[in-house]
There are 2 protein chains.
Amino acid sequence: MNQPIRIGILGYGNLGRGVECAIKQNPDMALAAVFTRRDPASLRILTPDVPVYPADDAAAHAAEIDVLILCGGSATDLPVQTPAMAQHFHLIDSFDTHARIPEHFANVDAAARASGHTALISCGWDPGMFSLNRVYASAILPSGQDFTFWGKGVSQGHSDAIRRIEGVVDARQYTIPVPAALDAARSGEAVTLTTRQKHTRECFVVAEEGADLERIEREIVTMPNYFADYDTTVHFISMEELKANHSGIPHGGFVIRTGKTGWNAENTHVIEYSLKLASNPEFTSSVLVSYARAVHRMAQRGQHGCKTVLDVAPADLSAREPEWLREHML
Amino acid sequence: MNQPIRIGILGYGNLGRGVECAIKQNPDMALAAVFTRRDPASLRILTPDVPVYPADDAAAHAAEIDVLILCGGSATDLPVQTPAMAQHFHLIDSFDTHARIPEHFANVDAAARASGHTALISCGWDPGMFSLNRVYASAILPSGQDFTFWGKGVSQGHSDAIRRIEGVVDARQYTIPVPAALDAARSGEAVTLTTRQKHTRECFVVAEEGADLERIEREIVTMPNYFADYDTTVHFISMEELKANHSGIPHGGFVIRTGKTGWNAENTHVIEYSLKLASNPEFTSSVLVSYARAVHRMAQRGQHGCKTVLDVAPADLSAREPEWLREHML
């Protein structure tokens with residue numbers, strides 16, 4: 001076997017720790033360093049004998065890293081970090097603000113091309129595996145209709161929005177696809193589904209003692225953008241119950257395309273891709289690590305600039321040789 | 001828009017006609033010619049004003065074709081036709097004898113490299129879309145288990161095997177996944193499923209008048225390789241009923257991978273890809289046509305030799321520009 005691919009992690013939260021766990025499952029990779037904005041001495045990571053460096057010193061360690069995996073947030077971290085790091089590293093991020101992907105792509109592409117690096121952005125499951133399933137299915141069935149459903153799963157953004165309400169101590173929000181809407185999507189009939197028809201939202205809220213529960217519930221269900229367009233259920237529970245039953249971070253969803261073929265569009269087909277994830281960050285990390293392998297290979301071939309999952313051939317994700325894949329998996 | 005991609009079809013059966021229908025749905029492509037081993041004058045195709053040539057004259061028309069789609073059978077046609085045609089055309093086939101793929105790949109690769117052509121083999125849904133879902137899922141979750149189920153759908157090979165029994169006029173055989181086995185596969189638990197546990201086989205048979213039905217049924221359910229390892233049900237029906245209720249060619253199936261993540265493999269994930277197809281050949285044709293676009297692009301870039309779906313980036317299947325895909329589908 002060749003030398004393992006040396007992976008660096010920038011940002012050691014749920015996602016960074018998930019990357020560390022995923023590397024353990026891939027013998028062709030090794031964790032080479034973790035970079036953190038916290039005091040490195042305060043950080044205990046899981047892998048023995050791996051150095052932890054200050055994030056600000058990352059560039060000085062570029063020669064020790066084959067691919068850097070950025071594990072920061074999309075709101076403020078990645079828009080700055082990814083273009084900056086692309087000057088020094090082949091890298092990958094999970095930038096997931098869909099509306100800002102073109103802008104992020106342009107910034108990262110300029111930095112990566114100027115310095116001769118390969119940078120893959122917006123990797124994970126949505127954007128990521130869901131995106132490529134949308135592209136595959138719409139290319140195969142050009143005359144058809146796409147549906148994406150999310151859940152059942154915890155939405156961190158919506159949970160945070162509830163926590164900001166006065167009198168709320170903690171909260172967990174589940175996004176749940178409506179079974180009848182899933183059935184309608186799979187029917188192959190032309191169907192228009194409103195936001196309210198596709199998903200419901202269920203909230204588990206721990207309130208301060210003596211808080212006005214009616215006001216909290218009203219503030220949740222009427223909150224614009226987050227809840228007003230959905231049928232939302234609010235349950236007030238104890239902190240003990242929240243910890244016992246709602247401490248996981250499950251997620252998942254469905255990408256469905258229906259389409260017609262035949263000279264007179266007489267035959268209907270359904271393509272469906274679904275995920276049921278016990279840990280959203282650990283699955284995202286696992287996707288990132290498999291694409292880090294592809295980034296390493298593309299970098300070695302001199303395929304520089306910004307890439308997305310849409311630019312990567314499936315074989316490049318696998319630790320197996322092309323011959324083995326053709327013989328056993330094709 | 002650029003000039004449409006000029007597609008040639010070699011072999012005008014169910015698959016060839018499906019390709020013709022799919023081209024109609026893709027405005028960046030045009031059917032340029034059909035090549036047949038029958039008398040060209042006897043063939044009526046659906047698209048107006050497209051020439052039909054003898055298969056033996058195909059090479060003489062190479063300059064009129066950007067990508068040739070081979071629509072012959074895997075048993076005897078493609079092992080000969082694909083290497084021969086790869087000397088003259090960029091091409092794509094649906095070779096689906098899994099065990100012989102390495103040999104077919106080597107033959108086609110040699111012919112395509114020697115003549116500077118791009119040839120994609122074993123395209124469709126299995127091998128094809130199912131294959132790449134197996135590769136994606138196993139790369140993302142290296143610590144896990146794979147399952148492929150087929151059906152509910154018509155197996156042509158099994159239907160043909162029944163038709164060869166003395167006293168049988170016609171027959172249709174459905175392969176059906178066992179719901180309990182699907183549930184077990186999705187459970188994430190380590191599970192071993194035997195051939196008998198995974199699928200059942202249901203046969204609809206039209207017998208000659210006065211034929212010994214008990215003998216026919218016994219010959220079916222005990223037939224080695226085809227039925228002996230399965231729980232098989234046989235229904236004797238009239239030709240009218242066969243034509244009324246069993247004239248379609250539906251198929252489909254499921255690719256499921258479960259896997260564990262976390263430092264101690266404590267979290268379970270399920271990735272599932274499924275197809276529900278009203279017409280097996282028309283869906284296969286639609287996959288072929290989308291990959292013909294990729295073959296054309298790879299040929300233009302000088303990426304010669306034999307390829308499979310595992311070597312093609314998703315963006316290359318789409319008629320849309322990369323910028324559009326990033327903005328709307330990522």
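Fair warning: this is a prediction, and the values are worked out from it, not measured in the lab. Just so we're on the same page: letters track the sequence lines, and every chain starts at 1.
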Decide yes or no for [X] and [Y]: does some side-chain heavy atom of the first lie under 4.5 Å from some side-chain heavy atom of the second?
X        : Y        : value
B/Ser279 : A/His269 : yes
B/Val135 : A/Leu325 : yes
A/Tyr136 : B/Leu132 : yes

### Point-to-point distance, once rounded to the nearest 0.5 Å, from CD1 of A/Ile140 to CG of B/Leu275
8.0 Å

## Note on the structure
Distance col, row A/Ser131:OG vs B/Met329:CE, nearest 0.5 angstrom, shows 9.0 Å

### Query
Does CZ in A/Arg44 sit with more than 12 non-hydrogen atoms of other residues, nucleotides or ligands closer than 6.0 Å?
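12 or below, so no.
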
### Message
Around atom NZ of A/Lys276, are there more than 12 heavy atoms from other residues, nucleotides or ligands closer than 6.0 Å?
### Response
no

Quick one: which of [options] has the most heavy-atom pairs under 4.5 Å with chain B, could you say?
options                                : result
A/Leu317, A/Thr308, A/Asp96, A/Ile271  : A/Ile271
A/Ala313, A/Gly128, A/Gly259, A/Ala315 : A/Ala313
A/Leu288, A/Leu277, A/Asp316           : A/Leu277

At a 4.5 Å cut-off on heavy atoms, which part of [X] comes close to chain B: side chain, backbone, both, or neither?
X        : value
A/Thr47  : both
A/Glu20  : both
A/Phe283 : both
A/Val255 : neither

Whether [X] side chain and [Y] backbone form a donor-acceptor pair below 3.5 Å:
X        : Y        : answer
B/Lys24  : A/Trp263 : yes
A/Glu272 : B/Ser274 : no
A/Arg326 : B/Ile101 : no
B/Gln25  : A/Pro142 : no

### Task
Tell me, out of B/Glu327, B/Met129, B/Glu266, B/Arg293, who's got the most heavy-atom pairs with chain A below 4.5 Å.
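Of the options given, most contacts go to B/Met129.
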
### Message
I'd like to verify something: which residue of B/Leu46, B/Ile256, B/Leu141, B/Asp311 has the highest number of heavy-atom pairs under 4.5 Å with chain A?
### Response
B/Leu46

If you compare all heavy atoms of [X] against all heavy atoms of [Y], which two are closest, and at what distance to 0.1 Å?
X        : Y        : value
B/Ser122 : A/Leu330 : CB-CD2, 3.9 Å
B/Ser290 : A/Ala139 : CB-O, 3.6 Å
A/Ser286 : B/Thr261 : OG-CG2, 3.5 Å

Between [X] and chain A, which part of the residue has a heavy atom less than 4.5 Å away: side chain, backbone, both or neither?
X        : value
B/Tyr273 : both
B/Val289 : neither
B/Tyr291 : side chain

